[in-house]
2 protein chains.
Amino acid sequence: MDTTIEQAVGILRRNQLKITKQRQALIDYLVTYKDHYVAISEVDEHMRTLFPGMSHNTIYRNVKEFETLGLLELKAQANQTLVKYQCDFKHQHHHHFICSNCGKVQELDACPLDAFEAQLPGCTITGHRIEFYGLCADCTAKLGASKSLSK
Amino acid sequence: MDTTIEQAVGILRRNQLKITKQRQALIDYLVTYKDHYVAISEVDEHMRTLFPGMSHNTIYRNVKEFETLGLLELKAQANQTLVKYQCDFKHQHHHHFICSNCGKVQELDACPLDAFEAQLPGCTITGHRIEFYGLCADCTAKLGASKSLSK
DNA sequence: CAGCTAAATCATAATCATTACTATTTAGTT
DNA sequence: AACTAAATAGTAATGATTATGATTTAGCTG
């Protein structure tokens, strides 16, 4: 068995969650999304081909449970929620570069938190999200686009 | 009339959009959300008390049109889209600190774009979002919370 | 390994934000 | 005042997500 999967199953176990065949299959599937986001609704669809008649509720509930365990990252989008597998369970800061063409997600290090903290005296910073959008190197090599508006 | 509103109306005009009473009222309402986000569905509800029977379609369409004109900022949330008025039409970079208690939005300057660019050779960066979450100074003075998980 | 029980899943339907569609109205122009 | 493209109204559909209550099962326990 893949070490990544064993790790995930271990986390379930340590949190007293039962290892059902549905959860096992869900992990097996989500593990393939380490550097892309998938819509939960697509996960739902996939799971229901593996387990015809599987309840939507079960799928959505598990995805959210997995997120609170740190197994997944969720990301809100218009009308949809996206999921991505979280392979590095210990790494807390996640700054992403997301290719708007192919959807590939690249991790960035270097966190400029300090520079911003100084601007927020008296505040409690509990989290932050930094995301860049554009075209990854591969896609930059092939594409282009434009638009204009008067203001 | 408020200068901010005149400015917005001017932008509509310059883009050949008609100044309907519905759009006028929509702007009047959204102008009150310069430092908070509101759910579009709440805007929808409000507009339909002002104009009973107003079409959902009209409200959602206008909000999206206003966004492409740069009048508004949209932000996806689980199952909802949030709107905030964009008062500074020329300012492009928007890094926010969002109080998770009262929802107040504070603008941050200082953009660490350069630091990240170096990590993405060959990529085209077309946009980015930086958001901090936590408690603003006022809320920090009153609150606290915690949670734990084993990994 | 049979039985037990809380946890998980199923099956079905409801919610609710958002979008579609077509007929009617209106802002801005001529 | 008439004209026309743009905007809105009115009605219904869509589709992601959630609720609910009955049934099943993973992981003990003896």
Side-chain angles (χ1 to χ4, degrees), chain A residues 8-30 37-69 71-72 74-83 149-150, chain B residues 8-30 37-69 71-72 74-83 149-150:
Chain A
V9 171
I11 290 175
L12 292 199
R13 218 167 248 133
R14 257 165 277 140
N15 282 276
Q16 284 83 49
L17 295 189
K18 294 179 178 173
I19 314 299
T20 64
K21 59 184 186 299
Q22 292 91 336
R23 279 176 175 162
Q24 183 73 60
L26 183 58
I27 292 172
D28 290 350
Y29 178 62
L30 288 173
Y37 280 93
V38 218
I40 295 193
S41 52
E42 195 176 316
V43 175
D44 182 65
E45 202 174 349
H46 174 79
M47 291 303 289
R48 286 164 62 89
T49 63
L50 291 186
F51 299 90
M54 184 171 182
S55 196
H56 297 294
N57 187 302
T58 301
I59 296 157
Y60 283 84
R61 183 173 24 74
N62 278 321
V63 165
K64 286 178 182 168
E65 247 157 4
F66 287 5
E67 194 219 5
T68 71
L69 295 178
L71 252 58
L72 306 175
L74 296 186
K75 183 171 140 62
Q77 208 195 37
N79 286 337
Q80 291 246 123
T81 302
L82 307 181
V83 208
L149 285 170
S150 67
Chain B
V9 171
I11 289 175
L12 291 200
R13 218 167 248 131
R14 256 164 278 140
N15 283 277
Q16 284 82 49
L17 295 189
K18 295 180 176 172
I19 315 298
T20 64
K21 61 182 185 303
Q22 292 89 339
R23 278 176 175 161
Q24 183 74 60
L26 184 57
I27 291 171
D28 290 351
Y29 178 61
L30 289 173
Y37 280 92
V38 215
I40 295 192
S41 52
E42 196 176 317
V43 175
D44 181 65
E45 202 173 351
H46 175 78
M47 291 303 290
R48 286 163 63 90
T49 62
L50 291 185
F51 300 89
M54 183 172 182
S55 195
H56 297 294
N57 187 301
T58 300
I59 297 156
Y60 281 85
R61 184 172 23 75
N62 278 323
V63 166
K64 285 178 184 170
E65 248 155 2
F66 287 5
E67 192 219 6
T68 71
L69 296 178
L71 252 60
L72 306 175
L74 296 185
K75 184 170 138 65
Q77 209 195 36
N79 288 339
Q80 289 246 124
T81 301
L82 307 180
V83 208
L149 284 171
S150 67

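As the structure is a prediction and not an experimental result, all values here were calculated from the model. All heavy atoms count here, side chains included; hydrogens, waters and symmetry mates do not. Below, chain A is the first sequence line, B the second, and so on; all start at residue 1.
- Within residues 48-64 of chain B, the residues approaching DNA chain C are B/H56, B/N57, B/Y60, B/K64, by heavy-atom distance under 4.0 Å.
- Scored by the side-chain contact (heavy atoms from CB on, under 4.5 Å) test, A/D28 finds A/I5, A/Q24 as partners (sequence neighbours excluded).
- In terms of heavy atoms, B/A78 sits closest to A/A76 at N-CB, 3.6 Å.
- Taking side-chain N and O atoms only, A/T81 has a distance below 4.0 Å to OP1 or OP2 of D/dT17.
- In this structure, the helix from C/dC1-D/dG30 to C/dT30-D/dA1 shows an angle of 30° between the axis at its start and the axis at its end, each fitted on 5 base pairs and rounded to 10°.
- Taking atom CG on B/L74 and atom P on C/dA17, their separation rounds to 16 Å, with Å as the unit.
- What separates CZ of B/R14 from C1' of C/dG28 is a distance of 17 Å, to the nearest Å.
- A straight line from CZ of B/F66 to P of D/dA7 spans 10 Å, rounded to a whole angstrom.
- To the nearest angstrom, P of C/dA7 lies 14 Å from CG of A/N15.
- If you take CD1 of A/I27 and P of C/dA8, they are 13 Å apart, rounded to a whole angstrom.
- Between the CG atom of B/N79 and the P atom of D/dT14 there is a distance of 20 Å, given to the nearest Å.
- Scanning both residues, A/F66 and A/I27, for their nearest heavy atoms gives CE2-CG1, 3.7 Å.
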| task | Would you check, one step at a time, whether the test side chain to side chain contact (heavy atoms under 4.5 Å, CB included) holds for B/N62 with B/T20? | result | CA-CA 11 Å; B/N62 278 323; B/T20 64; 5.6 Å; no
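- In this structure, A/L71 and A/L30 have side chains that are not in contact, with every pair of non-hydrogen atoms separated by 4.5 Å or more.
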| So A/T68 and A/K64, side chain to side chain contact (heavy atoms under 4.5 Å, CB included) or not? Walk me through it. | CA-CA 6 Å; A/T68 71; A/K64 286 178 182 168; 5.7 Å; no
| remark: Whether each nucleotide of nucleotides 22-30 of chain D has a protein heavy atom under 4.0 Å at its base (B), only at its sugar-phosphate (S) or at neither (-) is summarised, 5' to 3', as ----BS---
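- Nearest heavy atom pair, residue B/M47 against residue B/L26, reads CE-N, 3.7 Å.
- Regarding A/M47, its CE atom lies at a distance of 9 Å from the P atom of C/dT9, rounded to whole Å.
- Scanning for side-chain contact (heavy atoms from CB on, under 4.5 Å) contacts around A/Q77 gives A/Q80, A/L82, with sequence neighbours left out.
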Please report, to 0.1 Å, the donor-acceptor pairs under 3.5 Å made by any side chain of residues 49-59 of chain B, with sequence neighbours excluded.
from, atom 1, to, atom 2, distance (Å)
B/T49, OG1, B/H46, O, 2.6
B/H56, ND1, B/D44, OD1, 3.1
B/H56, ND1, B/D44, OD2, 2.8
B/N57, OD1, B/R61, NE, 3.3
B/T58, OG1, B/R61, NH2, 3.4

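- The salt bridge (Lys or Arg N to Asp or Glu O under 4.0 Å) check on A/E65 picks up A/R23, with sequence neighbours excluded.
- In this structure, the CG atom of B/L82 is 14 Å from the C1' atom of C/dT18, given to the nearest Å.
- Closest approach of B/L72 and B/V63 over heavy atoms only: CD1-O, 3.6 Å.
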